[in-house]
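One structure is given here, and the rest of the page talks about it.
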Amino acid sequence: MDYNFNEIEKKWQKYWREHHTYKCEIDNNKPKFYVLDMFPYPSGAGLHVGHPLGYIASDIYARYKRLKGFNVLHPMGYDAYGLPAEQYAIQTGQHPEITTNENIARYREQLDKIGFCYDWDREVRTCDPVYYKWTQWAFLQMFKSYFNTELDKARPIDELVAHFEKYGTQGCNAHTNSSDEFTADEWNAMTQVERNDVLMNYRIAYLGNTMVNWCPKLGTVLANDEVSEGLSLRGGYPVEQKMMRQWCLRVSAYAGRLLRDLDTIEWTESIKETQRNWIGYSEGAEMTFPVADSDKSLLIFTTRADTIFGVTFMVLAPESMYVDEVVTPDQRAAVDAYLDEVKHKTERERMIEKKVSGVFTGSYAVNPVTGKNIPIYISDYVLAGYGTGAIMAVPAHDSRDYAFAKHFDLPIIPLIEGADVSEESFDAKEGIMTNSSNERLQLNGLQVKEAIAKTKQYIEEAGIGHVKVNYRLRDAIFSRQRYWGEPFPIYYDDNNQPQPLNESELPLLLPEVDKFLPTETGEPPLGRAKNWVTADGHPLELNTMPGFAGSSAYYLRYMDPHNENELVSHEANEYWRQVDLYVGGTEHATGHLIYSRFWNKFLYDYGFVCEAEPFRKLVNQGMIQGRSNFVYRIKDTNTFVSFNLKDKYDVTPIHVDVNIVDKDTLDLELFRQWRPDFKDAEFILENGKYICGWAIEKMSKSMFNVVNPDNIVKERGADTLRLYEMFLGPVEASKPWDTNGIDGVSGFLKRLWALFYKGDTLQLTDEKPSAEALKSLHKLIKKVSGDIESFSYNTSVAAFMICVNELTKMKCHSREIYEPLVVVLAPFAPHIAEELWHVLGHDTTVCDAQWPTWNEEYLKESVVNYVVSFNGKARYSIAVPADADEEEVKRLALTDAGAERWLAGKEPRKIIFVKGKLVNIVV
RNA sequence: GCCUGAAUGGUGGAAUCGGUAGACACGAGGGACUUAAAAUCCCUUGGCCAUUGCGGCCGUGUGGGUUCAAGUCCCACUUCAGGUACCA
């Protein structure tokens, strides 16, 4: 009987489905293990061979853990809201739900063929009302909360109201984006509308005026992580900065905890570092600079308080609220012209130009330490969103200030001994201070670090500022002017004040619209919905939530996916706790992986979840690149020349579909049929073949290098695909897909099969296996057990090949060897393992077997081969009985024929043993 | 610019603690079986020299260093990949 993978795989996939083999329930008698893949956005293109890489790796781990006796939660679902389905809907009028469902069906079909051990009863879809009810619910909790900076956690907003009633803002430890202060009397005198406005500055989900990334082409705002280099990540359209009133999440309040807790989780250093940079901790000081001849003052942030003596001007961000306060009438026109110019530049243009620009406000500030007057400028190199949107400029020690000072011919005062600032600024935080002393503060002679500390102390004491920690992390902008997303559970009351819906009214269903475009008046698509009002007629919010809303807590929902009363029950959460192993790409480092951590921490603050971090261990699978093939057309002809002959002609390389190329040899017939203009193609062949060139590129339709897993499964089998994807290299590494190498693993499975079947005869014996066979098997078990824990699946596959080759050579057919072999193979190649498990006479599934342990006894050698080096160089090998002691080994090593050559009569100076093994002789 | 990671045969990659570099596989070459092809099996395969022996020398991006011993550790550099950036 031949190895008929198609039949075997179909048979067992059906069996697993019918027997609910992978269904999992809470079982307090077993330790739990939660293995999660980042759920996919079901795109129209379907899966290519790169997508399942991480899924296969986690599947192996999940299966292994189950064999080790764990109760494994391994679910899958779909991140179903997203722009492509909506863009498609705009073009075709087809409802995005239809497209999405079709794509999901296709994904499911493709995933099923690979034989994953998902518990599909727990599937979630972010666009499913049963699911997004809990996304809306979480939003409501955030709306009703503020962040208490003293407790460092979220608390009900009512507590803040109680505080305001008693003390106003006095002693209020709340994270806010407002600098307003008021007394209890003032609060109590406010109207409800005024109070709502104030509270909005404290809520964790709040409506705020912020600078947003506005993408006119997509007609929506985007979060920072959805923009790269001034272009939208989806579609690559230009993005501009715009002030808009938007829903935001107060992620920045959690910056400290998000940063600190990175030390408690097992993620790669690189992704932790990316998050640290994104959060951007910086410790400095806020300082007040009075404006000359006025009662106003500027608050600035600096990390270089020590350079206070070198401040020669101040700079405000164009959007700074200080601008209007300090511009003098005679500078008004110039300032307005500049602000207008800046406003019309997109972020991208600002970045590309990098030209120094700015304008004088006409006002001067007073340096609080030197008492000198310094001019105040406006320039777009200062960002409104960071610090206070205003800076003290120290041109001698900051390259940006330096460039500005040179351009506007402002003084540059060096503050560090020996620093030459005639050509460029000296930015390093090192050296000895100079020019930095007066009757108030003496820094001369101090190291920079000492000077920073002393200045900070001084400004606190003098009451001109205070020590302050700043984070780069901004609040997440949570509104999208799109249709295909979660509606906000918010309505607007008679005073046009946003109000939360009752939890009992959730889910608020996404309404139908006639078109998926903004309304004529420029409102979001939900503005087209009929009766988009509450039961008592109040209008509902027209924005929808962004893509990351639904993906922020999905790992919690898998724990208890059908619960109608809670996001996740206490019981389920206490049992499953957190994701033990999370597998996915690095592209979510500053998006999903920050938002999820934030969302989880918020829920943690209220005890809705019991772990402070959602994902304990994170593994990032690499990208699979495509291997493109090329044909070479001789210019201005329809003749194609084979790869090794192409240098003799003037040729143009053309991408050719990799599916009509086999091992770099072009199928001429299929090529002629491929595209009409190649119908009459002529070829110049080498050795009767057309050889194509190749290159490693991104896997994409336009490069014609997309390899579809379905084809591989059909031609080689799912087990071969799984093994091959793992064999390709380390899971974390990016590597090219090259179908050419697949013969290796497909041959391995055939040889494995041939161990069991010779022709149609099952060759199984109950004989005691030889010591050799036992050694081969136990070497394998040891190797694979270690490899799985460290994700070294490629070397595991190699170990399987070695073992099967050895057993084949030994003609070993012993059941005692085969049983554990099949179990160890099961995580990697579940279908063939299941089949062979039943061939071995079991009637239960191999998934319920026990992972075997290896026995060191079997691995012992009776004779050990030592490779002995002389002075670490020349080598010879000796065979030594395993039980020989050091003296015996020495004697054998020195009397061996090999030794005589290298000793040449000399006495060895030193003989080095490592762990009882002789490794080197020094002469 | 800053941060992180990487660099090993024709190719993908092994080498877990500093101890036989190149496991395993692809590709290539040779052979067996076959009328032939496919499939399968066997041998060779880092480079150079020697090849009727044995063997020898060189070799893990570059240059130094530590060590009896370095792909692995240290210093300096080059290149590539990813992330990030007027963040004061």
Exercise. With no angle test and no hydrogens, is the base of B:U16 tied to the side chain of A:Lys783 by a donor-acceptor pair under 3.5 Å?
Worked result: yes
Problem set entry | Heavy-atom donor-acceptor pair, A:Asn920 side chain to A:Ile912 backbone, under 3.5 Å | no
Exercise. When you check the side-chain N and O atoms of A:Tyr381 and A:Asp401, is any donor under 3.5 Å from an acceptor?
Worked result: yes
Seminar exercise, completed: With the side chain defined as heavy atoms from C-beta on, A:Leu383 is closest, among B:C86, B:A39, B:C24, to B:C86
Problem set entry | More than 12 heavy atoms of other groups within 6.0 Å of A:Glu587 CD | yes
Exercise. What nucleic acid atoms does A:Ile802 come within less than 4.0 Å of, heavy atoms only: base, sugar-phosphate, or nothing?
Worked result: sugar-phosphate
For this session: Find the partner of B:U67: check Watson-Crick (N1-N3 plus N6-O4 or O6-N4) and G-U wobble (N1-O2, O6-N3) distances, both under 3.5 Å, and reply none if neither fits.
Result: none
For this session: For A:Ile391, report the nucleic acid contact type (base, sugar-phosphate, nothing); a contact means any heavy atom under 4.0 Å.
Result: base
For this session: Nearest-nucleotide wise, let me know which of A:Lys735 and A:Thr303 is further upstream toward the 5' end of RNA chain B.
Result: A:Lys735
Problem set entry | Proximal nucleotide (of B:A14, B:A85, B:C86) relative to the A:Thr795 side chain | B:A14
Exercise. Which part of the nucleic acid, if any, lies within contact of A:Asp427, taking any heavy atom under 4.0 Å across all strands shown: a base, the sugar-phosphate backbone alone, or nothing?
Worked result: nothing
Seminar exercise, completed: Assert: residue with more 5' nearest nucleotide on RNA chain B, out of A:Ser734 and A:Met801, is A:Ser734
